[in-house]
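Here's the structure, in structure tokens; my notes come after.
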Protein chains: 2
Amino acid sequence: MVTYQHPHPAITTDIVIFTIQDGQLKVLLVCRANDPFKDHWALPGGFVEIDEHLEAGALRELKEETGVSGVYLEQLYTFGKPDRDPRERVITVAYYALTPINGLNIRAASDARQIGWFAYAKLPQLAFDHKDIITLAQQRLAAKLSYSTIALQFMPGKFSLSELQQVYEAVQGSPVDKRNFRKRLLAYDCMTDTGEVRRHGKHRPARLYTVKSPGKVEFVK
Amino acid sequence: MVTYQHPHPAITTDIVIFTIQDGQLKVLLVCRANDPFKDHWALPGGFVEIDEHLEAGALRELKEETGVSGVYLEQLYTFGKPDRDPRERVITVAYYALTPINGLNIRAASDARQIGWFAYAKLPQLAFDHKDIITLAQQRLAAKLSYSTIALQFMPGKFSLSELQQVYEAVQGSPVDKRNFRKRLLAYDCMTDTGEVRRHGKHRPARLYTVKSPGKVEFVK
DNA sequence: TTTATATAGTGTGTTGACTACACTAAGCTT
DNA sequence: AAGCTTAGTGTAGTCAACACACTATATAAA
């Protein structure tokens, strides 16, 4: 029990974690076990510990609730409408995170709490104002694709240019010209040709690339 | 007195309010009357009321502490290092604001609390992590000049293109080519030529323009 | 082994935008 | 009338973005 002279809002972090699966932008959601919004899907997140850095809290919650760690994380926006939580005044500092296409390490389904990836284009009913948070995160991400190398945060260790192109198409929701795309991305000089190729299917194999500075997002253009 | 089961951090807003004076980017600071950092300069700001929207709190604090109102306001970032305030855990949601060159309506000097405009390039010692907040705000502002019409928020009702150019030069800290600048800004089609001119000094008078959509910031380029 | 098929990979010409750059216009002062 | 000071204007060159269609190479099926 703690007592203050003036009332204090509660502070939470919420994390919009994105990945690309089957050419679609997806968001990881957890099903709430308690009221309010019991059995509704919601963003992973929770209360910030009193001596914990905000970003550390976001990473901790993400790990605890979904098992995901080692992701690219960036602060998105702070949502503070007085009635956004029916229990008490809760201000949430929202973050967004990107994880590689196959870099998922989701908590086993045996866990009590249900979690799952949902296509951004087909989200279920969401708790609180989490729909607004996800919408803003997608906008920020789409904007950032056009002036930074943030898309590389979606890529696993080795990847083909076609896979990278799919990331752009999935986030922006529109097709991209293959030749112009490759010319532009290669001009950024942010990837190394490994010399290896990957065969999968009855067609010419793709060259594989690696990211030159993993974890670093550079501004371009 | 309020009691909670778990400790809650305190929430404040801080506002970096910019203007342009004498061709320089300036920030409005208030001198702290109490510990901690008594007699140090600090950003205007303060605790968020329990039922108050964050943005409303920022505007209220700005008005109370400096007398400034009717400004363009945008959320900047939330600063949450556990030890940023020596008293207790305080998380601050920082905003930045722009006010026209001559649109100042600062609280009379008769007020107990001392306030003043400081050149961004020559800031005094600042309380808390307010230096970091101002630095981030300037970066955001400078970046935003290049892809939006945010600079118009600095302009009074009628202004000349030379005055607008001075805004760009002051924020970016580097000179701008006059012909290219005018070509680009006029192409954005965000200003109206009033047909009026202003004489001040022994030289050709300048045409005066008005902003087409005051208060609106559009993305360009 | 031949053929079909599916994705990987490549080049050019056009257009529009940004850059660099220097002189004339017009009012005021002396 | 001359001089000073800021306002206002145009062009040529360069570079980046865009539109656009075919060849290469592997596997699978006939």
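Proteins get letters first, then strands, A, B, ... in listed order; numbering begins at 1 in each.
Among residues at least two apart or in separate chains, salt bridge (Lys or Arg N to Asp or Glu O under 4.0 Å) pairs with a member in residues 140-150 of chain A are A:E74-A:K144. Judged as a ring-ring contact (aromatic ring centres under 6.0 Å, His included), the pairs with a partner in residues 155-178 of chain A (not counting sequence neighbours) are, in order, A:Y168-A:F181. Evaluation of the salt bridge (Lys or Arg N to Asp or Glu O under 4.0 Å) test over residues 199-212 of chain B, restricted to residues two or more places apart or in two chains, returns B:D189-B:K212, B:D193-B:R207. Within the structure, salt bridge (Lys or Arg N to Asp or Glu O under 4.0 Å) contacts touching residues 159-169 of chain A (residues at least two apart or in different chains) are A:E163-A:R198. Legend: side-chain hydrogen bond (donor to acceptor under 3.5 Å, both in side chains) pairs involving residues 118-127 of chain B, not counting sequence neighbours: none detected.
Mapping heavy-atom proximity under 4.0 Å, the span of DNA chain C touched by chain A runs 5' to 3' from C:dT5 to C:dT12.
Residues satisfying the ring-ring contact (aromatic ring centres under 6.0 Å, His included) criterion with B:F79, sequence neighbours excluded, are B:Y77. Every residue was checked against the side-chain hydrogen bond (donor to acceptor under 3.5 Å, both in side chains) condition with A:Y147, not counting sequence neighbours, and none meets it. Remark: A:K26 pairs with no residue by the salt bridge (charged side-chain N to carboxylate O under 4.0 Å, His left out) rule, at least two apart or across chains.
DNA chain C lies under 4.0 Å from at least one heavy atom of each of the following residues of residues 164-186 of chain B: B:D177, B:R179, B:N180, B:K183. Shown for residues 199-211 of chain B: residues whose heavy atoms fall under 4.0 angstrom of DNA chain D, namely B:K202, B:H203, B:R204, B:P205, B:A206, B:R207. Using a 4.0 Å cut-off on heavy atoms, none of the residues of residues 141-154 of chain B approach DNA chain C.
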